[in-house]
Amino acid sequence: MTPPAELEMIVGFDDNLVGEATRVANQLHDLLPQIHLPLERVLGLRLQHPAVLTLPERFGSPPQTCKADRHRLVTLLRPKAPQMVERLIEELREARQSGSAARPTAP
């Protein structure tokens with residue numbers, strides 16, 4: 001039995017969304033080390049986590065994310081990551097303390 005055309009269209013749309021999400025995550029993986037290497041070490045493997053995705057939405061840039069105070073981060077992250085919020089905030093604090101040295105880019 002062949003699936004209806006509507007179902008094939010929905011599945012194809014789903015595949016396109018997954019591909020687009022992967023493409024955007026890969027671009028972030030490429031750009032973040034150039035902007036803020038310590039922050040990339042914290043967020044790199046978690047870039048597709050809903051809590052991590054709220055950080056650029058709310059703060060706009062890696063330096064602004066690192067400057068956010070603990071209360072603001074807890075309020076923002078706890079609903080989306082109740083089990084990892086404390087660990088993530090601690091790692092963000094460590095990234096802030098280690099500075100914003102970006103990896104040198106090739107000429």
Query raised in the report: Transitively linked via ILVMFWY side-chain contacts under 4.5 Å: Ile35 with Leu45?
Result: no
Query raised in the report: Less than 4.5 Å apart, any side-chain heavy atom of Glu40 and any of His36?
Result: no
**Report entry** Partner residues of Arg46 under the side chain to side chain donor-acceptor pair (under 3.5 Å) criterion, sequence neighbours left out
**Finding:** Glu91
Query raised in the report: Does CG belonging to Leu31 count more than 12 external heavy atoms closer than 6.0 Å?
Result: yes
Requested in this report: Quick one: list whatever passes salt bridge (charged side-chain N to carboxylate O under 4.0 Å, His left out) with Arg41, sequence neighbours left out.
Outcome: none
Table please: side-chain donor-acceptor pairs of residues 51-65 below 3.5 Å, with sequence neighbours left out.
unit_1, atom_1, unit_2, atom_2, d
Thr54, OG1, Ala51, O, 2.5
Ser61, OG, Gln64, N, 3.3
Thr65, OG1, Ser61, O, 3.0

Query - With Glu90 via side-chain contact (heavy atoms from CB on, under 4.5 Å) - residues at least two apart - result: Arg93, Glu94
Requested in this report: Show your working on side-chain contact (heavy atoms from CB on, under 4.5 Å) between Leu43 and Leu88 and close with a plain yes or no.
Outcome: CA-CA 9 Å; Leu43 303 179; Leu88 184 57; 4.0 Å; yes
Report task. Any pair with a residue in residues 30-39 that passes salt bridge (Lys or Arg N to Asp or Glu O under 4.0 Å), sequence neighbours left out, goes on the list, sorted by first then second residue, please. Result -> none
Using distance only, find each side-chain donor-acceptor pair of residues 76-86 under 3.5 Å and give its atom names and separation, not counting sequence neighbours.
unit_1, atom_1, unit_2, atom_2, d
Arg78, NH2, Glu86, OE2, 3.2
Glu86, OE1, Arg70, NH2, 2.3
Glu86, OE2, Arg70, NH2, 3.4

